[in-house]
Amino acid sequence: MSKDINSSGHPVLSQIIKLINRDKVNELATTTKVNRYVKSFDAFTHLVVMIYAALSGAKSIRQVVEGFEANVTRLNHLGISYLVRRSTLSDANKKRTSQFFGDVYKALYERYSSFLSDSKSSKALQKGLYILDSTTISLFSQILKVLDGLLKIARKRAV
């Protein structure tokens with residue numbers, strides 16, 4: 001079995017970033033005008049930071065920034081030249097619309113859908129994509145565990 005020399009030794013984040021066409025992201029940023037009045041923290045860098053945040057499981061902007069600072073010597077493979085600060089990331093999250101990231105996802109889906117084993121037809125994409133925040137689901141499961149514990153205590157007292 002041969003080894004893939006293109007991704008050998010590269011972090012997962014780097015491999016994911018290589019799949020994203022930077023020119024396409026810049027084109028989408030231009031059409032949606034999300035890079036207006038931006039000096040250094042452009043849309044592509046913001047996308048890389050958000051992918052890092054998702055993969056690292058960071059729960060706050062502070063954790064994202066600290067993670068980047070801790071790995072500053074290992075970030076040259078990501079194609080970004082700007083080390084993000086908390087206030088900059090916070091401002092970018094406020095100003096850049098989710099529509100831009102949705103457009104990037106749609107472009108990636110159209111590009112790679114044929115490679116995905118469980119991909120649906122393009123009709124499914126045209127119907128609309130719904131993304132759910134799973135935070136409430138995990139919170140709800142914790143509440144159910146507490147309620148289950150309370151029910152067990154109530155059953156013991158009833159006996």
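Met50 is listed as a side-chain neighbour of Leu89, based on a closest heavy-atom distance under 4.5 Å. Val84 places none of its side-chain heavy atoms less than 4.5 Å from the side chain of Thr45. Contact annotation: the side chain of Leu47 never approaches that of Ile17 to less than 4.5 Å [non-hydrogen atoms, C-beta and beyond]. Between Asn21 and Arg111, every side-chain heavy-atom pair lies at or beyond the 4.5 Å cut-off. Arg36 has its side chain within reach of Lys33: a pair of non-hydrogen atoms, C-beta onward, lies under 4.5 Å apart. Between Val65 and Leu83 the shortest side-chain heavy-atom distance does not fall below 4.5 Å.
Taking CD1 of Ile16 as the start and NZ of Lys18 as the end, the distance is 12.5 Å to the nearest 0.5 Å. The OG atom of Ser56 lies 8.5 Å from the CZ atom of Phe68; values are rounded to the nearest 0.5 Å.
In plain terms, the two heavy atoms of Ala53 and Val64 that are nearest each other are CB-CG2, 3.5 Å. Taking all atoms of both residues into account, the shortest heavy-atom contact from Ala43 to Phe100 is CB-CZ, 3.4 Å. Considering all non-hydrogen atoms of both residues, Leu19 and Leu108 come closest at O-CD2, 4.0 Å.
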Practice item. Kindly indicate, with the supporting measurements, whether the criterion side chain to side chain contact (heavy atoms under 4.5 Å, CB included) is fulfilled by Ile61 and Asn93. Key: CA-CA 10 Å; Ile61 291 176; Asn93 284 339; 4.1 Å; yes
- request: Any chance you could lay out the side chain to side chain contact (heavy atoms under 4.5 Å, CB included) test for Arg96 and Phe41, step after step, and finish with the verdict?
  value: CA-CA 11 Å; Arg96 284 205 177 96; Phe41 194 59; 3.9 Å; yes
Kindly determine whether Ile51 and Ile20 satisfy side chain to side chain contact (heavy atoms under 4.5 Å, CB included), including the steps that lead there.
CA-CA 11 Å; Ile51 292 172; Ile20 299 172; 3.6 Å; yes
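Side-chain contact of Thr88 with Asp91: a donor-acceptor pair under 3.5 Å is absent, judged by distance alone.
Remark: aromatic rings of His46 and Phe101 are close, center separation under 6.0 Å.
Not counting sequence neighbours, Arg62 has no partner by the salt bridge (Lys or Arg N to Asp or Glu O under 4.0 Å) test. Thr32 is linked by a side-chain hydrogen bond (donor to acceptor under 3.5 Å, both in side chains) to nothing, counting only residues two or more places apart in sequence or in another chain. Checked against side chain to side chain contact (heavy atoms under 4.5 Å, CB included), Glu27 has the following partners two or more places apart in sequence or in another chain: Lys24.
Classification of Glu66 and Arg86 as a salt-bridged pair fails, no side-chain N sitting under 4.0 Å from a carboxylate O.
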